[in-house]
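For reference, the structure is listed below as structure tokens.
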There are 2 protein chains.
Amino acid sequence: MPTERTSAGDPAQTLRLLWRAAEDPATPPAPRRGPRRALSVDAVLAAATALADAEGLEAVTIRRVAQELGVVPMSLYTYVPGKAELLDLMMDAAYDAMPRPDTAGEPWRARVKAIAEENRALFEVHPWAAEVSTARPPLGPGLMAKYEHELTAFEDTGLGDVETDDCLTHLLGFVQGWARSAADTRAAQAESAMSDRQWWQANAPLLEKVFDAEKYPNAVRVGSAAGEAHGAAYDADHAYEFGLERVLDSFEALIAGRRRTR
Amino acid sequence: MPTERTSAGDPAQTLRLLWRAAEDPATPPAPRRGPRRALSVDAVLAAATALADAEGLEAVTIRRVAQELGVVPMSLYTYVPGKAELLDLMMDAAYDAMPRPDTAGEPWRARVKAIAEENRALFEVHPWAAEVSTARPPLGPGLMAKYEHELTAFEDTGLGDVETDDCLTHLLGFVQGWARSAADTRAAQAESAMSDRQWWQANAPLLEKVFDAEKYPNAVRVGSAAGEAHGAAYDADHAYEFGLERVLDSFEALIAGRRRTR
DNA sequence: CTTAATACTGTGCGGCGTACAGTGTACAAG
DNA sequence: CTTGTACACTGTACGCCGCACAGTATTAAG
């Protein structure tokens, strides 16, 4: 599995699990034979998420989650069909838990910016979520509530439904891409036990021989200027702020264009 | 290894390998004792890249590359210190092989758009490259040539060095993020043997119960509008064109602002 | 009490990167 | 021409992974 991906499991089972809390209360669960269940889907989900938060997504193995729950690995398969479905549950639960402050009345730019901030916060609380591809999203209550909420930020912009979806996709793509870069930078630092600054300094002697200012004049000039400006080759906070302003500016141009031709 | 990452190996060894072709010709390689080398770094690199192109990055294992070369796995370690260093070589070689057409004389927007297209082409030739995090880039001749080339697209925009680097980072982040989404969508289709359209249709009966237009009015309306417009929930080509125009528009606004305050 | 459904457990498969300890080869020194 | 040594190359082994499968224990239904 090169990249973790949602909706990689059996769709029917996944949907049943995702919407398990919304089951018809008129049909109480039939009494089951066999031993009492020692755990629950939510317990497995909580343990897996806690593990991912603390040690990253690669620590979330069936064996390890079972260990956290004091249970033998294969037991988990009575709660969850497999690892793919567990990941869907984790993502949808994370979406569901996101705060959705009401920004009605504020101008669209502030509302859209708030959406970006909420997603940034998601990736700060659950850094592992940034690594998960949601090309096919987990179609659970969390995603639906999130999508519904985020769309309202584009109300009264004059954009059509399709353009609104395009803009939201673009915005969320930016935030997730940024979160991945930021997480990768942190991970590289942790693994090499070297900060970005230290790493560049450690490599400096070797690089000097190779970063020929005659051969690469722009690269050497711009690279060192950027490095000095941020104190590192890549400053995540700066990249976020710069990128978000660019995204918002581009929406502004789009909205202005639509209003003009309306 | 959750995400593949460049520059995860020993920096000194990595740099020596990356710049191996640029070694001082005044010091010819000392004659070596022992058996003649059956392969070469470039042969290993070529085999690994061919494998990644054909079967994806997760097919690139030491065992498998060795098998392709008709050699036992451990032999590769005499050419390359480990898998991390091999990945750096692959990325830098891919950068090095990118065409760098001269767009001097064209307006900046066309030049910057060409940079995006070149990177899109990179990810089409080597889809695996999109999965690789370059938070710490492979500091080889390929990256240097690419960076130098890409910076020239921003000449005469009036942007400062730091802003130019910010813009380039933002642009490349967009293209790579898009390439990942596109690749993930393709991978999901291949793995489930279901197109996006088929997948949504297969899930439709279950989704109808759950996509409550009263509870999620905007989501249901916008989601179905977007789905109908593109014939799928996610249309990669459309997302690329829409996103690229947004990125270029935002650069236009930034450049106009800088010119005004200059 | 018997039957059957369910929960849980133990073992095993084929894969991964690579540490480590060999073995065989070819050049340099004597 | 012999010997020492640097080097290329090989085989084995370790601890991980998801999970298929077969078996056992527990409970409720008939």
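Note that these values count all heavy atoms, side chains included, but never hydrogens, waters or copies made by symmetry. So you know, we letter chains A, B, ... as the sequences are listed, proteins then strands, and number each from 1.
Between the side chain of A/Y234 and the main chain of A/T185, no donor-acceptor pair closer than 3.5 Å is present.
Atom CG of B/D10 and atom P of C/dT18 are 13 Å apart (whole Å). Taking atom CD of A/E58 as the reference point, atom P of C/dG17 lies 16 Å away to the nearest angstrom. Atom pair B/Q67:CD and C/dC16:C1' shows a separation of 14 Å (rounding to whole Å applied). Here the C1' atom of nucleotide C/dC16 and the CG atom of B/L57 are 14 Å apart, to the nearest Å. The separation between A/K83 atom NZ and D/dA20 atom P is 14 Å, rounded to whole Å. Here the C1' atom of nucleotide D/dC19 and the CD atom of A/Q13 are 14 Å apart, to the nearest Å. When the P atom of D/dA13 is taken as reference, atom CD1 of B/I62 falls 21 Å away, rounded to whole Å.
With DNA chain C read from its 5' end, the first of the two nearest nucleotides for B/R36 and B/A59 is the one closest to B/A59.
B/N119 meets the side chain to side chain donor-acceptor pair (under 3.5 Å) test with B/K146, B/E150; sequence neighbours excluded. The side chain to side chain donor-acceptor pair (under 3.5 Å) check on A/R120 picks up A/E124, A/D237, with sequence neighbours excluded.
Taking the six-membered ring where the residue is Trp, B/H230 and B/H238 present tilted rings, their angle falling between 30° and 60°.
When side chains are defined from C-beta on, B/R64 does not count as touching B/E58, because their heavy atoms never get closer than 4.5 Å.
Sorted by first then second residue, the ring pair (Phe, Tyr, Trp, His ring centres under 6.0 Å) pairs that include residues 175-198 of chain B, not counting sequence neighbours, are B/W178-B/Y240.
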**Asked** Does the pair B/W128 and B/M91 meet the rule for a side chain to side chain contact (heavy atoms under 4.5 Å, CB included), with working shown?
**Response** CA-CA 10 Å; B/W128 51 269; B/M91 278 304 297; 3.6 Å; yes
Would you tabulate the side-chain donor-acceptor contacts of residues 168-176 of chain B under 3.5 Å, counting partners in other chains and residues two or more places apart, or write 'none'?
from: B/T169; atom 1: OG1; to: B/D165; atom 2: O; distance (Å): 2.9
from: B/Q176; atom 1: NE2; to: B/A130; atom 2: O; distance (Å): 2.9
from: B/Q176; atom 1: NE2; to: B/V132; atom 2: O; distance (Å): 2.9

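A distance of 7.5 Å separates CG in A/D53 from CE in A/M90, rounded to the nearest 0.5 Å.
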Give each protein N/O atom lying under 3.5 Å from an N/O atom of nucleotides 4-6 of chain C, with the pair distance.
from: C/dA4; atom 1: O4'; to: A/R33; atom 2: NH1; distance (Å): 3.4
from: C/dA4; atom 1: N3; to: A/R33; atom 2: NH1; distance (Å): 3.4
from: C/dT6; atom 1: O3'; to: A/R32; atom 2: NH1; distance (Å): 2.8

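Contact annotation: A/Y77 side-chain N/O to D/dA20 OP1/OP2 distance is not under 4.0 Å.
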**Fill in**
Protein heavy-atom contacts under 4.0 Å, written 5' to 3' over nucleotides 9-15 of chain C as B (base), S (sugar-phosphate only) or - (none), form the string BB-----
